[in-house]
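Just so we're clear, the structure is a prediction, and the values are computed from it rather than from any experiment. Lettering of chains follows the sequences in order, A, B, ..., and the numbering in each one begins at 1.
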There are 2 protein chains.
Amino acid sequence: MSVVDGHREPRRAPEGARTRAFEEVLDRIEERIAAGGLTVGDRLPGERQLAEELRVSRSSVREALRALATLGVVSSQAGRGPDAGAVLTSRPDSALTELLRLNLSLSTLTMREVVDTRLMIEQWAAARAAGDGGAALDEMARAVAAMDAAATPEEFVAHDIAFHMALAAASGNRLTSAIMRALRDAVRRYAVDAVRRLGDTADLQADHRRILDAVRARDAEAATAAVAEHLARAYPS
Amino acid sequence: MSVVDGHREPRRAPEGARTRAFEEVLDRIEERIAAGGLTVGDRLPGERQLAEELRVSRSSVREALRALATLGVVSSQAGRGPDAGAVLTSRPDSALTELLRLNLSLSTLTMREVVDTRLMIEQWAAARAAGDGGAALDEMARAVAAMDAAATPEEFVAHDIAFHMALAAASGNRLTSAIMRALRDAVRRYAVDAVRRLGDTADLQADHRRILDAVRARDAEAATAAVAEHLARAYPS
DNA sequence: GGACCAAATATGGTCTGACCATACACCCGC
DNA sequence: GCGGGTGTATGGTCAGACCATATTTGGTCC
């Protein structure tokens, strides 16, 4: 490219649009999703085609797609065939997890705030689980048994997360479940360290069984109380 | 660049690292944040310098920074001087809002789930606001007055958001406040339409005053009940 | 006809180097 | 000392190439 070649257009149209190119791409893709009835599983056009259609460079398209991928809305796959390219997905968990981890690192969030939020969600979910049928009981019981058999803190925490996620999922609300998942994943390392430091997990398991029994007995009051006691033990103020 | 030039290194070291280049950059930046004690307001090195340090292209650095910007953790500013370049920030609200808007568009979330989550947060916050001093009272009262004076649905909703955000902020939990802000922003258009369709906002204002009075009277029970009634009226099942 | 292998091809991922736009830093003349 | 022009560092965009990956296609052998 020489010094004096024609750069198509000055891109400084008089309308004074202050949006950056990749933001324009972002808006257009969101338009297609909102209006075009695109849904999870559908494919977006390839990066080169998108660049040509929107009259921007492929780099700008890629930055827009990177933003959407960060939010867990698209997932890119190289190669050829029906599964290749940018596919619409819905993985809000990882985005939320990153968001929490980074804000904890930056000290714009404290563990206390994270744990309090978890308590809020889990009490709310426990009350709903106790009220409604209790479809999560089997999975929660399985998780408790798996924790009994866990050989390492990592294993214990993995099944602990499964237990509490089953409780959260019982609310039937995918948003609170996603937030709950992100909360647990963001502080997973802390949890493992706490279990290792604790050594004995008998008290925690007793709490789990109390929560399980309360939900099984459809006792919302007892369930929320048990959750509160459990978190107070696991994360002392 | 000719067809047969030396591309520095094959970048396929035998360690079998399957991470993409921009993810490597992402990890390194996060390392600096976590370990280096970087915090909000601090500047990251320039894109060109970062590219050279990490031995990747500027494009890869840009994609990593775009991801962090999407999460609201960095904010880039062109030009020169102390405020230029990539600066660490903490704006989780916009990221959460985008996440919610996109998942609503994709039908991976329903309005019901969003509203139920809002009810959870707001009841929890109302109980805490009633229990603790009630520092939010002034701001809430101001918002109610502003809603009385609002000339358009847009204005009304803006002050309605201020009212409910003041309530949420009273919890002292920045995480729940951020989620609340995102919930409101993501469904702002719906709220404006609802107000316009309703025409008369007297009932909504009566609810607001009831909430305000309950918090002022330190009556947690009444506050949570008032919040529930208000949301049931605004978003009938 | 079927199984297998090689080439073509479409897609995302990365690199390079250039130019544009912006805003402070610096210096020069007054 | 001050006002204004110029230098320069920074992000934003573009163009074109090459690499890595995975499917599709087509040919070859049995």
Exercise for the section: Look at A/Glu98 together with A/Arg101 and state whether they make a salt bridge at an N to O cut-off of under 4.0 Å. Expected result: yes

Handout entry: Touch class at under 4.0 angstrom, heavy-atom based, for B/Gln77 against every strand present
Key = sugar-phosphate

Practice task
Give one of base, sugar-phosphate or nothing for B/Gly81, where a contact means two heavy atoms less than 4.0 Å apart.
Solution key: sugar-phosphate

Rounded to the nearest Å, what distance is computed from the [atom1] atom of residue [X] to the [atom2] atom of nucleotide [N]?
X: B/Glu52; N: C/dG17; atom1: CD; atom2: C1'; result: 15 Å
X: B/Arg55; N: C/dC15; atom1: CZ; atom2: P; result: 11 Å
X: B/Glu24; N: C/dC15; atom1: CD; atom2: P; result: 11 Å
X: A/Leu65; N: C/dG12; atom1: CG; atom2: P; result: 8 Å
X: B/Arg58; N: D/dA15; atom1: CZ; atom2: C1'; result: 14 Å
X: B/Glu63; N: C/dG12; atom1: CD; atom2: P; result: 12 Å
X: A/Phe22; N: D/dG11; atom1: CZ; atom2: C1'; result: 11 Å
X: A/Leu68; N: C/dG12; atom1: CG; atom2: P; result: 14 Å

Practice task
Within residues 84-93 of chain A, find the residues that approach DNA chain C with a heavy atom at under 4.0 Å, and present them sorted by residue number.
Solution key: A/Gly85, A/Ala86

Handout entry: Interface residues of residues 44-51 of chain A with DNA chain C (non-hydrogen, below 4.0 angstrom)
Key = A/Gly46, A/Glu47, A/Arg48

Without swapping roles, check the side chain of [X] against the backbone of [Y] for a donor-acceptor pair under 3.5 Å.
X: A/Thr152; Y: A/Glu155; result: yes
X: A/Gln123; Y: A/Met120; result: no
X: B/Arg118; Y: B/Met180; result: no
X: B/Glu63; Y: B/Ser60; result: no
X: A/Glu113; Y: A/Thr110; result: yes
X: A/Thr108; Y: A/Asn103; result: yes

Counting only side-chain N and O atoms of [X], is one of them less than 4.0 Å from OP1 or OP2 of [N]?
X: A/Arg20; N: D/dT13; answer: no
X: A/Arg62; N: C/dG13; answer: yes
X: B/Ser59; N: C/dG13; answer: no
X: A/Arg66; N: C/dG13; answer: yes

Practice task
Evaluate the ring planes of A/His208 and A/Phe163, with Trp represented by its six-membered ring, and classify them as parallel (under 30°), tilted (30 to 60°) or perpendicular (over 60°).
Solution key: tilted

Completion exercise
Quick note, B/Ser57 side chain, CB onward, closest among D/dA15, C/dC15, C/dA25 is C/dC15

Problem - Atom CZ of A/Arg43: over 12 foreign heavy atoms under 6.0 Å - result: yes

Handout entry: Flag if over 12 foreign heavy atoms under 6.0 Å of OH, B/Tyr190
Key = no

Handout entry: Check: D/dT8 base within 3.5 Å donor-acceptor of B/Arg80 side chain
Key = yes

